[in-house]
Amino acid sequence: MAEQGNKIDVAQVASLARLSLPQDMIPRLQAEMEQIVGYVEMLAELDVSGIEPTAHAVARTNVLRDDEPSDPFPREAMLANAPDLIEGELVKVPQVLPGEGIA
Amino acid sequence: MMTNAELISLSLRDAAAALRDGRTSSVALCTAFLERIQAVEPKVRALLAVNPESVLAQAAASDARRAAGAPLGDFDGVPITLKDNICTKDEQCSCASKILKGFVSPYDSFVTGKLKAAGCVLLGRANMDEFAMGSSCENSAYQRTANPWDLDSVPGGSSGGSAASVAALETVAALGSDTGGSIRQPAAFCGVVGLKPTYGRVSRNGLVAFASSLDQIGPLSRTVWDAAAILDLIAGHDEKDSTSLPQQPEGFAADLEAFEANPRLDGVKIGLPKEYYELDGMDPAVKAIMNDSIEVFRSLGATFVDVSLPHTKYAMACYYIIATAEASANLARFDGIRYGYRSPNATDINSTYEKSRGEGFGNEVLRRIMLGTYVLSSGYYDAYYLRAQKVRTLLRRDFQEAYKLCDFLLTPVTPAPAFKFGAKTDPLQMYLSDVFTTALNLSGDCGISVPAAIDPGTGLPVGIQLIAPAMEEKRIFRAGRAFELARARKEFIAPLS
């Protein structure tokens with residue numbers, strides 16, 4: 001487990017989480033995260049060797065159902081919440097690959 | 001006909017009876033609530049959206065079914081309010097977040113479908129902490145909900161709008177969601193009943209996910225009977241939620257009606273987890289009310305046994321690792337592409353993700369995504385997330401050992417009554433106010449918060465929590481109902497005029 005008082009690289013974590021944070025938020029967030037992580041470090045006191053992890057409170061696995069075709073959501077309904085569309089049919093996004101822009 | 005003041009005070013059970021006996025109509029009932037909302041909402045601000053035309057149309061349709069002799073069930077025409085993270089087709093579902101402003105659900109959640117099938121009127125959308133992250137409703141991007149018992153105090157959270165709307169007589173009952181206490185804690189702060197069902201009892205389909213292994217939908221209501229009746233309505237298997245349990249609800253309200261013939265608890269053994277009673281910093285008023293409540297249960301014939309939940313001190317740490325880790329994964333879907341807020345300041349695909357998320361989420365949500373990302377990141381996963389999952393096993397074992405000695409556990413819901421706005425500015429202090437509620441989400445068992453008394457010092461309500469093993473809601477409904485009938489204070493009506 002990380003040592004107590006380890007510095008958290010907030011910019012690095014923000015980049016992993018795809019978050020653009022206001023500059024003035026970073027020092028406060030760093031202090032808060034280090035305080036909270038410092039608190040949760042207490043779990044290091046416990047001996048957990050041989051203990052199985054619990055991922056879910058209900059141990060139900062591989063719940064399968066028959067693949068039966070049914071009424072799908074209409075396209076318009078699924079696109080209705082999109083921030084931007086092309087001709088009402090495609091989700092418009094900013095350019096993904098470098099190069100010339102699309103018309 | 002009944003007066004508006006009588007109508008808005010009705011329990012779910014009494015409202016259903018009044019409709020059945022023709023003493024009121026759904027339109028009259030809903031009109032009374034709409035007028036009440038107009039009168040008190042400027043003070044309470046519990047609701048993010050109410051659509052009077054839709055409410056009255058639903059009510060009129062219900063009255064027509066009843067007039068035709070074909071109501072959809074006992075609760076046809078009774079209004080229910082939904083927390084703003086539960087999807088209803090063609091209505092906004094914002095999770096009190098800017099990132100979902102204007103998002104209109106294309107489908108009904110499982111529970112919304114169940115309520116509609118029962119003829120319930122969907123009355124409005126309740127305020128909450130953004131994405132259900134918080135304990136005071138102060139993290140809503142839209143408004144600050146006040147506690148109807150004291151407008152300078154918080155209603156609790158995250159289902160604060162649901163609890164406040166029931167306490168302010170703005171609805172008969174509400175649904176909320178509970179990830180670490182988000183139904184039970186606001187219920188206690190607002191003097192209403194709040195149930196966290198067994199994990200898997202109620203489908204999460206159409207509930208916007210926060211921490212999927214912990215989230216559970218449940219009712220907030222005026223009485224334990226009402227909570228039982230609502231669980232009957234919304235529980236049951238759903239093939240669209242792979243964690244939904246196969247069991248159907250067992251007729252909880254009918255069981256309570258039979259139980260009420262002799263609402264005693266002779267032969268029932270109640271466990272008192274010593275770690276919960278020895279907490280440093282527990283408010284003396286809460287301690288005194290717990291002692292009085294123990295005497296009420298004793299007078300009902302129950303006996304007590306001291307039990308131990310030895311890993312209690314690790315529950316909060318375990319919870320905040322698991323909940324934030326799951327939240328960081330669940331909230332990855334909000335990327336500004338297919339729905340939700342897209343930043344106008346973005347120039348390419350990565351800045352679309354980063355700016356839409358950075359500008360769309362509030363501070364507490366950002367903090368939790370950051371924490372969750374950190375504990376899941378390479379090099380830390382084993383030390384934090386995997387270790388927390390193992391500690392979760394230890395916490396679950398604690399409860400299983402305790403249940404061997406008793407039928408259910410009796411604990412406080414919170415260490416103190418509702419706090420004032422702005423009183424907890426430090427995130428860790430805010431998290432620690434949930435010390436008595438989070439372990440139950442980790443164990444997956446069921447728990448109910450029932451109003452017990454008024455703290456004479458603050459005039460605020462204080463609740464007790466009953467905790468039972470998974471699928472044993474019947475035990476805590478019976479005990480909660482017996483307590484509710486026997487406690488000194490019969491009714492908890494907020495002084496809000």
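Small disclaimer: the values here were computed from a predicted structure and weren't measured. Convention: sequence-line order gives letters A, B, ...; per-chain numbering from 1.
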Output all residues satisfying ring-ring contact (aromatic ring centres under 6.0 Å, His included) with B:Y320, sequence neighbours left out; order by chain, then residue number. B:Y431
Less than 4.5 Å to any heavy atom of chain B: does that hold for the side chain of A:V96, its backbone, both, or neither? both
B:S213-B:R392 side chain donor-acceptor pair, cut-off 3.5 Å: yes
Could you tell me which portion of B:T352 (side chain, backbone, both or neither) has an atom closer than 4.5 angstrom to a non-hydrogen atom of chain A? side chain
Please lay out, stage by stage, how A:V91 and A:V93 fare under the test side-chain contact (heavy atoms from CB on, under 4.5 Å). CA-CA 6 Å; A:V91 175; A:V93 297; 4.2 Å; yes
Which one of B:G360, B:G200, B:S356, B:G358 has the most heavy-atom pairs closer than 4.5 Å to chain A? B:G358
In terms of heavy-atom pairs under 4.5 Å with chain A, the winner among B:P427, B:S443, B:G444 is B:P427
What residues of residues 14-24 of chain A sit under 4.5 Å from chain B when only non-hydrogen atoms are counted? A:A14, A:L16, A:A17, A:R18, A:L19, A:S20, A:L21
Would you please name every residue forming a ring-ring contact (aromatic ring centres under 6.0 Å, His included) with B:Y403, sequence neighbours left out? none
Is there any ring pair (Phe, Tyr, Trp, His ring centres under 6.0 Å) pair reaching into residues 16-50 of chain A, and which pairs are they, with sequence neighbours excluded? none
Per-residue tally against chain A (heavy atom, under 4.5 Å) across B:L386, B:L395, B:L394 peaks at B:L394
Among B:L214, B:T243, B:T198, B:D426, residue most engaged with chain A (heavy-atom pairs, under 4.5 Å): B:D426
For a quick test of reading the model, state the closest non-hydrogen atom pair linking B:D108 to B:G113 and the distance between them. CB-N, 4.2 Å
Could you tell me which portion of B:L100 (side chain, backbone, both or neither) has an atom closer than 4.5 angstrom to a non-hydrogen atom of chain A? neither
Do B:Q92 and B:D84 get their side chains close enough for a donor-acceptor pair, meaning under 3.5 Å? no
Relative to chain B, which segment of A:E32 carries a heavy atom at a distance below 4.5 Å: side chain, backbone, both, or neither? side chain
Toward chain A, the part of B:S351 with a non-hydrogen atom under 4.5 Å: neither
Pair B:K313 + B:E275: basic N to acidic O under 4.0 Å: no
Taking 4.0 angstrom as the limit, do B:D215 and B:R204 come out as a salt bridge? no
Cut-off 3.5 Å, side chains only: do B:S105 and B:E91 have a donor facing an acceptor? no
Taking every heavy-atom pair that is under 4.5 Å apart, which of B:L331, B:I337, B:N441 has the most such pairs with chain A? B:I337
Would B:K98 and B:F361 count as a cation-pi pair here, with the cationic atom under 6.0 angstrom from the ring centre and within 45° of the axis? no
So which of A:D84, A:L46, A:L85 has the biggest tally of heavy-atom pairs under 4.5 Å with chain B? A:L46
Heavy-atom pairs under 4.5 Å with chain A are the metric here; pick the option from B:L442, B:V104, B:V375, B:I322 that has the most. B:V104
